[in-house]
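Have a look at the structure below, then the notes.
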Amino acid sequence: TRMRRTPRGFAIYGEFQDEYGAEVRVQESRRVGPRKVWVFVKGGSAQGEGGPNNGWIHLNRTKAKQLIGALNRYLEHYP
């Protein structure tokens, strides 16, 4: 399977929505130094301590496997 990329060429290791509709994206980071990965969370209807979703996700087993799969793709991309 060919890996999707952002318009700037960064690899997207996985994208999905959590139980409350928050968009989750695991994406390559090209910061100087050791390799890193971004985990973006946007939107959703979860309410918590800070009000509307402030960067957390609510995962069931299936969604947790998707997140683990995306992080594993990152690890495999940079062994």
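Keep in mind it's a predicted model, so treat the numbers as computed, not measured.
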In terms of heavy-atom contacts, L59 and L67 come closest through CD1-CD2, 3.8 Å
Of all residues at least two apart in sequence or in a different chain, which pass the ring pair (Phe, Tyr, Trp, His ring centres under 6.0 Å) check with F10? none
To check you understand the geometry: which heavy-atom pair defines the closest contact between G43 and A22, and what is its length? O-CB, 3.3 Å
Side chain to side chain contact (heavy atoms under 4.5 Å, CB included) with R5: which residues, sequence neighbours excluded? A11, E28, R30, H77
State plainly whether one hydrophobic cluster holds both L71 and Y13, where clusters connect Ile, Leu, Val, Met, Phe, Trp and Tyr through side-chain heavy atoms under 4.5 angstrom apart. yes
Just grab all the side chain to side chain donor-acceptor pair (under 3.5 Å) pairs involving residues 61-72, residues at least two apart or on different chains. none
Contact summary for Q27 and V37, nearest pair of heavy atoms: O-CG2, 3.3 Å
Same cluster or not: are I68 and M3 linked, directly or through other Ile, Leu, Val, Met, Phe, Trp or Tyr residues, by side-chain heavy atoms under 4.5 angstrom apart? no
Rounded to the nearest 0.5 Å, what separation is found between the CZ atom of R25 and the CH2 atom of W38? 10.5 Å
Between R35 and Y74, what is the shortest heavy-atom contact and its length? O-OH, 3.0 Å
Q17 meets the side chain to side chain donor-acceptor pair (under 3.5 Å) criterion, sequence neighbours left out, with none
With R73 via side chain to side chain donor-acceptor pair (under 3.5 Å) - residues at least two apart: none
Is there a path of hydrophobic side-chain contacts, each under 4.5 Å between heavy atoms, that joins V39 and F16? yes
Return the set of residues passing salt bridge (Lys or Arg N to Asp or Glu O under 4.0 Å) with E19 (not counting sequence neighbours), or none when no residue passes. none
